[in-house]
A.B. asks: 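Handing you this structure, nothing more for now.
Naming: A, B, ... by sequence-line order, numbering from 1 per chain.
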Number of protein chains: 2
Amino acid sequence: MVDITDFTNTVLPAKERLWVHFSCLWILSFYGLYLLYQEYDEILVKRIQQLQKIRHRPDQFTILVREIPICSEHKARGCSVDHFFSKHYPYSYHSYQVVYKEKDLEVLLSQAESIARKIQYLRERPTANKHKRETLLLDGSREDAVKISLHEDSLQVFCEKIRQLQHESVIKQKELPVAFVIFKSRCGAALAAQSQQHSHPLLWITEMAPEPRDVSWRTLAIPYRILPLYKIGVVLAASLLTIFFAIPVTAVQGIAKYEKLKKWFPPVMAVELIPGLSSVVTGYLPSVILKGFIYIVPFAMFGMAKLPGCISKSKEEIKACNMVFYFLVGNVFFLSVLSGSLLDEIGESFSHPKNFPSHLASAVSAQADFFMTYILTDGLSGFSLEILLPGLLFWDVIKSHTVGRGTEKDPYLYSLPYFRIIPMVSLSVLIGTVYAVVTPLLLPFLIGYFCLGYLVFINQIQDVYAIVYETCGQYWPYIHHYILVAIVLMQITMIGLFGLKSMPAASISTIPLLLLTLMFNEYCKKRFLPTFHHYSIQNVVEHDELDAKSSQMEVNYEDVINAYCSPCLRPVNFLASESSSTQPLVCSSSL
Amino acid sequence: MVDITDFTNTVLPAKERLWVHFSCLWILSFYGLYLLYQEYDEILVKRIQQLQKIRHRPDQFTILVREIPICSEHKARGCSVDHFFSKHYPYSYHSYQVVYKEKDLEVLLSQAESIARKIQYLRERPTANKHKRETLLLDGSREDAVKISLHEDSLQVFCEKIRQLQHESVIKQKELPVAFVIFKSRCGAALAAQSQQHSHPLLWITEMAPEPRDVSWRTLAIPYRILPLYKIGVVLAASLLTIFFAIPVTAVQGIAKYEKLKKWFPPVMAVELIPGLSSVVTGYLPSVILKGFIYIVPFAMFGMAKLPGCISKSKEEIKACNMVFYFLVGNVFFLSVLSGSLLDEIGESFSHPKNFPSHLASAVSAQADFFMTYILTDGLSGFSLEILLPGLLFWDVIKSHTVGRGTEKDPYLYSLPYFRIIPMVSLSVLIGTVYAVVTPLLLPFLIGYFCLGYLVFINQIQDVYAIVYETCGQYWPYIHHYILVAIVLMQITMIGLFGLKSMPAASISTIPLLLLTLMFNEYCKKRFLPTFHHYSIQNVVEHDELDAKSSQMEVNYEDVINAYCSPCLRPVNFLASESSSTQPLVCSSSL
């Protein structure tokens, strides 16, 4: 293996070869930055094209307004919204849709749904089990009929209750200070979303609305003023999980050692009956436990990311994605690299930040073999797991045997868990980048990994997962950031390595490269990021003009009004078409 | 003096009294934050009222657009602006005013002005010196008449040249990618200023225009793409000046010692002839040199702040203000506190950031006497210097004897040098806040200082300095920040001090206070700052409605068109009314 640590024996050639590494570092860094720029540029163009293609989507006409004060005259927030926007945007304002507190309704709806499911189950049972218990048919069907009529009565009561709660006069009492405001033109919406409405900047907070199917209705109910506290809490919790994750895992791994297991749980002795199995168990059990923990973490992070009140599900997933990436960098990359007395090393790095590069360099060059194995095993096991979806399978089996016993026939569809997949792939990119100069022999393995991953994910995206929202490339800035973190880590490692090999000249001349990379990052933030966060006026006016030519504008914003009606406020029809509950979950949430 | 260092002798009472200090710290911090909040709130209200009062000012209708691409059809930027804004803001766009490159014109104008001044001087001389040289009158006046006619001829030539350059066809060649765009309503301008115009966010950059008299025409000519490099350069230069300022000053002070002076410059011996003078010189000379250097620094910083291309003079001054404040904190507060081996101490702090509070605490409590003296001398000398304006006096004497010999009769008016005064006063606030808990006896002196300062500055603002721009409270957020830095420093000092007095409980329970203070700062940034940077839609619509009622809108935006014409492009009239050049400078720049 072309490992840099082999060079230490022969002094002169090593130094010369280090200069080769040095130039490789510069070339790789610049090529990496060039590719990143190209990719950002291309994705931006694609985003703009996609936005034009889906320009009839309701979210282009809508803004989300938060912290609406109560109208002093009518004691309602709805009329306050109407007053405010008809006064300040007289030409472009169209209508509004206030968001209501729907906790009670949600509970009632879920209860009604479960009863409807039971009725469905009872109705279908006789036909399904006809052959087996023909003798019991008469009794059974009579019993079932009684049950069904009982359930139908209670469902009737529930529906009545729900309709009462959905009535305008009742729901008006439960206004939240949140509303969707619909404009007559995309331009009006974009202008209103990007400007400060009130001299008190924490009132009338506006932003572009997410897609209707992407709206996170639950979090809109959280008061805006509490959100910063939630955010701090989640950041703290995620950091603590990242930093102290190693401790319980190591403890559990310790207990899971074969000798200890024998002591605590004697039936394990049975393993010894099959020759060879015991060594497999001893070797793999700790690793399986680690994998299991790491498999659960993304879902825990996703649960946490839901707390700080992102207005859309896509933003929650992006937030989770970020947290998982830093978790993996901390717990897979750094933990493996700094294995041993981890906390001591971290404490060392904090109190002597100057020594960090050299620590990192010596640790990185020692761990090349480990990461090669990691990529191989993760490539083989990870992608096969991805195809088999063991987690979802397991989850579904549990669900069908406990809670939703009557629903085993429901087809289920899940969205691509970006927050689990993107950080994993980004971690591989990071490992590849850091080792690209130190141990280039790792790269072919990585190419194999990515090729396999490409095949797997193309299959999964096309055939397995369903699309539940469209962000038009909102994920790219984050992936760009992850790759940039990888390049910066590579440079820091090399600074340390040149220092270790007593080449201070090379070490010092890498620092400008690091500064250049950071400046490139700042430039990209200014050059591309704003267009990922806002609609530019030029684009929205273009879309408006395209529609005006085909005189579609009226149609567009008339469609929008119903799109942002909360799912709880739609008319209930459990009895009329129970079959609707057997439709995939995705379709019911996509309007 | 109630110095905390006196407590060390008697152990128990000292500890008890330290708890008094601890509660004082909390009370003072909270009261400080409360006052800061109140003040911010009040100033925000005043800003909104003032904006309403001056709503007819042209800058409320105007935005500044930078990085305008060239129109491919007409090869001009002007028509590009017109196309863009009439397409995207069809209802509110009114007109535009492109900015031109005026370097040549500026040079010619200044030359023409100096000639006009010479003519003025020659014309007025005979009348002024009539009595003294009546015999020479005939010869002199004849000679003068010849000179005047010569000068008038050359002035004629200059004026012709200037008029040629000002001609539309010539000036069109020198378009800069910068324009002022005028809207029909304040609302249109505010919306356009706050939104992203183009999908390439580094094109069509919009922001609210500054007041016409506040526009920094010179910096508008700097290409926008170079500005970040300028900014980095200026930040680097200012940091280097702040960090290494002590070295040359100490060196000069060393040379200026009496013994060395005698060696290098023997005439100084004459001082010994007057008894007592030598000791005064020995004692005060180094201090005078330090004062002199510190007096010059704000002007150097102001010169630097002009480089990174702020669009208005007020922003340049605010930038200078910031740099001078940090300079003073570094070179007066920390340098005095950490006197001795300064660089060693700083290096120590960087490599062991944890020890910083205790270092600071021990140094701060030792230097109370010095700062008491500092405030007394600065109060007496600083304010008397402020009233006498020695710098301006000196500068004017130099100017009138070298460059502008003909202009000695010109009245001159200067604007309040905020960038010199605000940091000085803020430094006193900082010293007072840091010592408020440690050595409260310093506070009466400080109150005296502020009372004197109030009187002096009220006088200066009312009678001496002229107002050259109106920012409507834009300085407050910075002063708020300085006071917050003071409170944070106080808390860090106390954390260190409690640690030194071996009271870790008090030390640790001060940390939440520090975090609370930082969170308060974040809240204030969200609550107040946006309204200092943008006009809120609610306010501008209010102003528009007020004007619409009195049907003044048309008048308003018709006025604006001429307001943003560059001073170099106004018609020249040196010969018609030479007396205009004797008007105060301020009036010629205030339109």
A.B. asks: Nearest 0.5 Å, please: how far is CG in A:L229 from CE in B:M519?
C.D. replies: 6.0 Å
A.B. asks: Report, by ascending residue number, the residues of residues 538-551 of chain B in heavy-atom contact with chain A at a distance under 4.5 Å; give 'none' if the set is empty.
C.D. replies: B:Q538, B:N539, B:V541, B:E545
A.B. asks: Under 3.5 Å, side chain of B:T531 to main-chain N/O of A:S199, donor-acceptor pair present?
C.D. replies: yes
A.B. asks: What's the separation between atom CD1 in B:I205 and atom NZ in A:K526, rounded to the nearest 0.5 Å?
C.D. replies: 8.5 Å
A.B. asks: Looking at B:Y478, I want to see if its OH is surrounded by more than 12 non-hydrogen atoms of other residues, nucleotides or ligands under 6.0 Å.
C.D. replies: no
A.B. asks: Testing B:Q197, B:K87, B:H198 one by one against A:I537 for a side chain to side chain contact (heavy atoms under 4.5 Å, CB included), which residue passes?
C.D. replies: B:Q197
A.B. asks: State, to 0.1 Å, how close B:Q196 and A:P530 come at their nearest heavy-atom pair, and which atoms those are.
C.D. replies: OE1-O, 3.2 Å
A.B. asks: Could you list all the salt bridge (Lys or Arg N to Asp or Glu O under 4.0 Å) pairs where at least one residue sits in residues 37-52 of chain B, not counting sequence neighbours?
C.D. replies: B:D41-B:R527
A.B. asks: Does anything in residues 183-195 of chain A reach chain B? List residues with heavy atoms under 4.5 Å apart, or say none.
C.D. replies: A:C187, A:L191, A:Q194, A:S195
A.B. asks: Using non-hydrogen atoms and a 4.5 Å limit, figure out which bit of A:L529 sits close to chain B: side chain, backbone, both or neither.
C.D. replies: neither
A.B. asks: Only pairs of heavy atoms separated by less than 4.5 Å count here; which of A:Y89, A:Y523, A:F84 has the most with chain B?
C.D. replies: A:Y89
A.B. asks: For atom CZ of B:F532, is the number of surrounding heavy atoms from other residues, nucleotides or ligands below 6.0 Å larger than 12?
C.D. replies: yes
A.B. asks: B:E522: which residues meet the salt bridge (Lys or Arg N to Asp or Glu O under 4.0 Å) condition with it, sequence neighbours left out?
C.D. replies: B:K525
